S.K.: 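Can you keep this structure in mind? I'll have questions shortly.
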Protein chains: 2
Amino acid sequence: MSGLAILLVDDHPVVREGYRRLIERQPGLRVVAEAETAAEAYEAYRRCRPDVTILDMSLPGAGGLEAIRHIRQWDKGARILVFTMHQSAAFAVKAFEAGALGYITKTSPPSELIRAVEAISRGGHSISADIAAELAAERLTNRTSPLDGLGVREAEILRMFAAGMETERIAAALNLSLKTVQNYHYQIKAKTGARTDAHLVWMAISAGLLADDCPPQ
Amino acid sequence: MSGLAILLVDDHPVVREGYRRLIERQPGLRVVAEAETAAEAYEAYRRCRPDVTILDMSLPGAGGLEAIRHIRQWDKGARILVFTMHQSAAFAVKAFEAGALGYITKTSPPSELIRAVEAISRGGHSISADIAAELAAERLTNRTSPLDGLGVREAEILRMFAAGMETERIAAALNLSLKTVQNYHYQIKAKTGARTDAHLVWMAISAGLLADDCPPQ
DNA sequence: AATTCCGCCGGGCAAATTTCCCGATCTCAC
DNA sequence: GTGAGATCGGGAAATTTGCCCGGCGGAATT
């Protein structure tokens, strides 16, 4: 075990070379493979099983997001650090959704890349300061779940519904008419824009409406 | 470093005393602190940072589970051994979920407690033989998801449905009649015993039917 | 005080869906 | 070849949904 094995994926050889130098100057880090495309990245990953994969978002062919998903599908534990020029929180969110553990923009000082690699190799996360700031701002201004337009009663009924209770039982538990609960059900779907009961369940989950006792029965 | 430092948490002073004697008779073990409540346990833990914490589940106030979670939140590496009268696999599961590393019932011979403390101090786990047997039996008899009686088509439709797709869209995607999908929907509910669409979603989740791309949209 | 607004509660009614029932294939194993 | 079971769909009754409405009570505005 001589340090962390790193896979470098970037379609620009010059950039790759520069960062390979930077990385290999660090004791404990070594580049074990390089790739230019999403397909190559996947191949190289399977061959080398690196500890950390550093990956650019804009790859020819399938694209960086696809590469992340593909690799993560093969190895759920893959530690992928996105290192890219896209200075956009939206991109970062997509990357994290695809399974990346870190997102560093190329405008960051080299030391930040090194720190990120080390953080990720230990199972942590890492985000560029600029992206983090943007995300934080978005959180603060735009803390809008599709569910917070709901009244207390509506939220209560949604919780029971999402937990798997039948409409009738909810009505009984709340001393309401069956019709009322049905109307709430409809109202909730209208307000949230859910077109499906299952959709509604997911909203309730992601809004944290359910306690730890989610699985019914 | 003269042996393992132990924190003893139990609301019953007599029991505490008895086991303190037992423990201190062992070379290499010593009790460095005792506590009666969840809050005291947390305080004592922060003060002493014991190697192993022996903790009863039924504490006045917050309760044992809360205490485990609280301590583990402060110190992810805390080694907590639950030592309790509750001879129930369900309780044990809850304890492990909360972050305990061992679960020994008070009906066990004292030697088992000592062995458990030593096992846990070395980073291992420990379960009472009776609880282990109960859990194993549960696995063997009850290793049956309500979903594995479903055919491939049924499972496929369930997956799409649980992901939030409308019946009509499923039919279109699968080149089936709307009516057929409706019938599958009904069939699935009948086979699984789900009385509610939301219930069905939970089943699909716990059966691992959904990929990571659960949240719709 | 009067008025307006808004959340809660439910009726009504057409349209849609669910719930069961059924039959037709097609495959596969015995 | 016969029975079992998965797949696919029609039909009819029962329920639910979608949408609109009205009443009640409290809080805020005027």
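Reminder, nothing fancy here: chain letters follow the sequence lines and each chain counts from 1. The structure presented is a predicted model; accordingly, all values stated were derived computationally and were not measured.
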S.K.: For the helix from C:dA1-D:dT30 to C:dC30-D:dG1, what is the angle between the axes at its two ends, each from 5 pairs, rounded to 10°?
M.R.: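 One end axis against the other gives 30°.
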S.K.: Would you kindly give the CD1-to-P distance between A:I170 and C:dC9, to the nearest whole Å?
M.R.: 13 Å
S.K.: Rounded to whole angstrom units, what separation is found between the CD atom of B:E168 and the P atom of D:dG18?
M.R.: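 Distance, rounded to whole Å: 13 Å.
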S.K.: Among residues two or more places apart or on two chains, list those pairs meeting salt bridge (Lys or Arg N to Asp or Glu O under 4.0 Å) that have a residue in residues 178-189 of chain A.
M.R.: A:K189-A:D197
S.K.: Which residues pass the salt bridge (Lys or Arg N to Asp or Glu O under 4.0 Å) test with A:E40, sequence neighbours left out?
M.R.: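 A:E40 satisfies salt bridge (Lys or Arg N to Asp or Glu O under 4.0 Å) with no residue once adjacent residues are dropped.
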S.K.: Does OP1 or OP2 of D:dT16 have a side-chain N or O of A:H185 closer than 4.0 Å?
M.R.: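 Answer is no, no contact under 4.0 Å.
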S.K.: Quickly work out the B:R153 CZ to C:dC26 P distance and round it to whole Å.
M.R.: 16 Å
S.K.: What's the OH-C1' distance between B:Y186 and C:dC21, to the nearest Å?
M.R.: 9 Å
S.K.: So, are A:D56 and A:R16 salt-bridged, with charged N and O less than 4.0 Å apart?
M.R.: no
S.K.: Report the residues that fulfil ring-ring contact (aromatic ring centres under 6.0 Å, His included) with B:Y45, sequence neighbours left out, ordered by chain and then residue number.
M.R.: none
S.K.: Quick one: salt bridge (Lys or Arg N to Asp or Glu O under 4.0 Å) partners of B:R153, sequence neighbours excluded?
M.R.: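 Expected list: B:E156.
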S.K.: Expressed in angstrom and rounded to an integer, what is the separation of A:E154 atom CD from C:dG7 atom P?
M.R.: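 The answer, rounded to whole Å, is 8 Å.
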S.K.: Determine: side-chain N/O of A:K189 to OP1/OP2 of D:dT17, distance under 4.0 Å, yes or no.
M.R.: no
S.K.: For A:Y184, enumerate each residue passing the ring-ring contact (aromatic ring centres under 6.0 Å, His included) test, keeping only those at least two apart in sequence or located in another chain.
M.R.: none
S.K.: Nearest whole angstrom, please: distance from the P of C:dT19 to the CD1 of B:I188.
M.R.: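 Result: 12 Å.
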S.K.: Could you tell me the separation between the CD atom of A:Q187 and the C1' atom of D:dC20, rounded to a whole number of Å?
M.R.: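 For the pair A:Q187 CD and D:dC20 C1', the rounded distance is 11 Å.
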S.K.: For the pair A:R69 and A:E66, find out whether any cationic side-chain nitrogen is under 4.0 Å from an anionic carboxylate oxygen.
M.R.: yes
S.K.: Using the test ring-ring contact (aromatic ring centres under 6.0 Å, His included), find all partners of A:Y103 that sit at least two apart in sequence or belong to another chain.
M.R.: none
S.K.: Using whole Å, what does the distance between atom C1' of nucleotide C:dA16 and atom CZ of A:R195 come to?
M.R.: 17 Å
S.K.: Applying salt bridge (Lys or Arg N to Asp or Glu O under 4.0 Å), name anything that partners B:R46, two or more places apart in sequence or on another chain.
M.R.: none
S.K.: Scan residues 172-184 of chain A against DNA chain C and write down, sorted by residue number, each residue with any heavy atom closer than 4.0 Å; if none is found, say none.
M.R.: A:L176, A:S177, A:K179, A:T180, A:N183, A:Y184
